[in-house]
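Heads up: the structure comes next, in structure tokens.
Keep in mind that this is a model prediction, so the values were computed, not measured. Convention: sequence-line order gives letters A, B, ...; per-chain numbering from 1.
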Amino acid sequence: MTSAAYAAPVMSWYAHHARDLPWRRPDASPWSILVSEIMLQQTPVSRVIPAHAAWLDRWPEPRALASASVADALRQWDRLGYPRRAVRLHASARLITSRHGGRVPSSAEELRSLPGVGAYTAAAVASFAFGQRRAVLDTNVRRVLARLVVGESRPAPTVSAAERLLADRLLPPDGKLAARWSVGLMELGALVCTAARPRCAECPLADQCAWLRRGYPPSPRRRRAPGYEGSDRQCRGKLLAVLRDAQGPVGASTLAAAWNDAGQRDRCLAALLADGLVTRGTDGSLGLPGDEPPRPETPGQTA
DNA sequence: CACCCGTGGCG
DNA sequence: TCGCCAAGGGT
């Protein structure tokens with residue numbers, strides 16, 4: 001069996017309902033697409049749209065970002081979340097500049113070797129930016145296929161070999177068509193076949209859906225997510241926010257004011273240093289990597 | 001492979 | 001109110 005029974009309805013639905021997103025426009029560069037994919041990792045489209053525009057406006061190509069500092073990247077990243085993505089994107093820009101002549105590589109294998117680029121992002125960029133025939137398995141595609149074909153409400157926590165096989169089998173033979181198919185499935189998952197409250201009445205595949213046919217059997221409860229309040233994640237976020245908002249390196253007392261629990265604060269600071277999100281100066285001050293100390297007043301200009 | 005990594009919005 | 005969710009990646 002081919003994807004024929006699914007492809008036509010999905011393609012048609014996508015043609016009518018796709019959102020006009022900047023990184024989907026025909027003239028979107030591979031760099032623009034790569035940046036969008038990194039930003040979209042666990043961050044909603046609505047928040048990525050303005051951040052992506054500002055990023056591309058400031059750094060229109062990899063070379064430009066490569067010549068900036070990590071501190072610049074982290075400040076531009078602002079509050080998108082998971083700031084390690086900004087550090088890795090910056091490192092990727094430098095690798096693209098040094099090893100690929102400033103051009104985003106086109107093969108999934110080369111893309112996969114860039115920091116912050118995993119199986120999903122490598123396939124997405126290879127497919128969407130270069131028209132290569134790669135199955136794109138993100139959470140939306142996985143959920144749609146789990147419901148449509150397997151008849152389960154949610155995909156498994158990790159991608160299985162059977163899933164990859166299924167995705168490969170459904171992929172249209174032509175690279176450009178495959179990209180269209182993948183983005184169509186993703187969009188369907190994002191707008192119709194949503195994790196909560198799916199809109200089956202609007203789904204072009206409803207009459208073929210195994211999950212619907214089986215009466216929407218629920219998936220077993222997942223482990224409850226750990227609370228955020230008081231977590232290391234919140235602590236790290238607070239500390240980094242202080243450094244983002246500061247003009248340059250700050251003293252330990254400034255960071256101390258941002259988080260009461262000294263033990264947790266020190267532990268999180270050590271982790272931030274290990275992650276390359278923070279650097280410690282020779283004078284013991286803390287700052288974003290590449291941040292320069294405040295300019296001393298120019299002699300003669302002070303009163 | 002389970003766990004960790006930010007942030008904000010929504011039902 | 002608060003748990004869940006949002007185009008994952010690294011270890």
For atom P, what is the distance between B:dG9 and C:dG9, given to the nearest Å?
25 Å
Mind calculating the distance between CG (A:Leu272) and P (B:dC4) to the nearest angstrom?
16 Å
At under 4.0 Å between heavy atoms, what does A:Thr139 touch on the DNA or RNA strands: base, sugar-phosphate, or nothing?
sugar-phosphate
B:dG11 and C:dA7: how far apart are their C1' atoms, nearest whole angstrom?
23 Å
So A:Trp77, base contact, sugar-phosphate only, or nothing? Heavy-atom distance under 4.0 Å.
nothing
If I take atom CZ in residue A:Arg88 and atom C1' in nucleotide B:dG6, what distance separates them, rounded to the nearest angstrom?
13 Å
Do A:Ser32 and A:His52 have side-chain N/O donor and acceptor atoms under 3.5 Å apart?
yes
May I ask you to verify if any side-chain N or O of A:Thr43 is less than 4.0 angstrom from the OP1 or OP2 atom of C:dA7?
no
Give me the distance, rounded to whole Å, that separates B:dC3 from C:dC4 when you measure between the P atoms they each carry.
15 Å
Start at the 5' end of DNA chain B and walk down; is the nucleotide closest to A:Pro157 or to A:Asp275 reached first?
A:Pro157
Could you tell me whether the phosphate oxygens of C:dA6, OP1 or OP2, come under 4.0 Å of any side-chain nitrogen or oxygen in A:Arg143?
yes
Using the side-chain contact (heavy atoms from CB on, under 4.5 Å) rule, pick out the option among A:Arg222, A:Arg143, A:Arg147 that qualifies with A:Arg154.
A:Arg222
Which nucleotide sits closest to the side chain of A:Pro83: B:dG11, B:dG6, C:dA7?
B:dG6
Pick base, sugar-phosphate or nothing for A:Ala195, based on heavy-atom distances below 4.0 Å to the nucleic acid.
sugar-phosphate
Expressed as a whole number of Å, how far does the C1' atom of C:dT1 sit from that of B:dG8?
16 Å
Counting any heavy atom closer than 4.0 Å, what does A:Leu80 reach on the DNA or RNA strands: base, sugar-phosphate only, or nothing?
base
Assign A:Ala271 to base, sugar-phosphate, or nothing according to its heavy-atom contacts below 4.0 angstrom with the strands shown.
nothing
In whole angstrom, what separates A:Gln234's CD from B:dT7's P?
9 Å
Ignoring hydrogens and angles, answer whether the base of B:dG6 and the side-chain atoms of A:Arg233 contain a donor-acceptor pair closer than 3.5 Å.
yes
Check this one for me: any side-chain N or O of A:Arg223 less than 4.0 Å away from OP1 or OP2 of C:dG3?
no
Distance-only polar pair, side chains of A:Gln41 and A:Arg85, donor-acceptor under 3.5 Å:
no
Report yes if a side-chain nitrogen or oxygen of A:Tyr228 is closer than 4.0 Å to either non-bridging phosphate oxygen (OP1 or OP2) of B:dT7; otherwise report no.
yes
Give a yes or no on whether the backbone of A:Gly81 and the side-chain of A:Trp77 come within a donor-acceptor separation of less than 3.5 Å.
yes
Please report the closest heavy-atom contact between A:Gly230 and A:Gln264, naming both atoms and the distance.
O-NE2, 3.0 Å
Taking atom P of B:dG8 as reference, at what distance in whole Å does atom CE of A:Met39 sit?
15 Å
Could you label the plane-to-plane angle of the A:Trp181 and A:Tyr6 rings as parallel, tilted or perpendicular, counting under 30° as parallel and over 60° as perpendicular?
parallel
Hey, does A:Gly118 reach any base, or is it just sugar-phosphate, or nothing, if we go heavy atoms under 4.0 Å?
sugar-phosphate
Determine the contact category for A:Arg142: base if any of its heavy atoms lies under 4.0 Å from a base atom, sugar-phosphate if only primed atoms, P, OP1 or OP2 are that close, otherwise nothing.
nothing
Parallel under 30°, tilted from 30 to 60°, perpendicular over 60°: which one fits the rings of A:Trp55 and A:Trp59?
perpendicular
Interatomic distance where CG belongs to A:Leu277 and P belongs to B:dC5 [whole Å]:
12 Å
Spacing between A:Ile33 atom CD1 and C:dA7 atom C1', to the nearest angstrom:
13 Å
Phosphate contact (C:dG8 OP1 or OP2) by A:Gln42 side-chain N/O below 4.0 Å
yes
Within the structure shown, what part of the strands sits under 4.0 Å from A:Ser36 by heavy-atom distance: base, sugar-phosphate, or nothing?
nothing
Mind checking A:Arg79 for me? I need base, sugar-phosphate or nothing, with any heavy atom below 4.0 Å counting as a touch.
sugar-phosphate
Salt-bridge test for A:Asp78 and A:Arg47: reply yes if a basic N is under 4.0 Å from a carboxylate O, no otherwise.
no
Distance, C1' atom - from C:dG8 to B:dC1, rounded to whole angstrom
15 Å
Identify whether any heavy atom of A:Arg222 sits under 4.0 Å from a base atom; if not, whether one sits that close to sugar-phosphate; answer base, sugar-phosphate or nothing.
sugar-phosphate
What does A:Arg47 touch in the nucleic acid at a heavy-atom separation under 4.0 angstrom: a base, only the sugar-phosphate, or nothing?
base
Rounding to a whole Å, what distance do you find between A:Arg180:CZ and C:dA7:P?
19 Å
Just call it for A:Arg221: base, sugar-phosphate, or nothing, with non-hydrogen atoms closer than 4.0 Å on any strand.
nothing
Any base atoms under 4.0 Å from A:Leu89, or only sugar-phosphate, or nothing? Heavy atoms, all strands.
nothing
Tell me if the side-chain of A:Ser46 makes a donor-acceptor pair with the base of B:dG9, cut-off 3.5 Å, by modelled atom types.
no
Using atom OH of A:Tyr82 as one end and atom C1' of C:dC5 as the other, report the distance to the nearest whole Å.
11 Å
Tell me which of A:Pro226 and A:Gly237 sits closer to the 5' end of DNA chain B, going by the nucleotide each one is nearest to.
A:Pro226
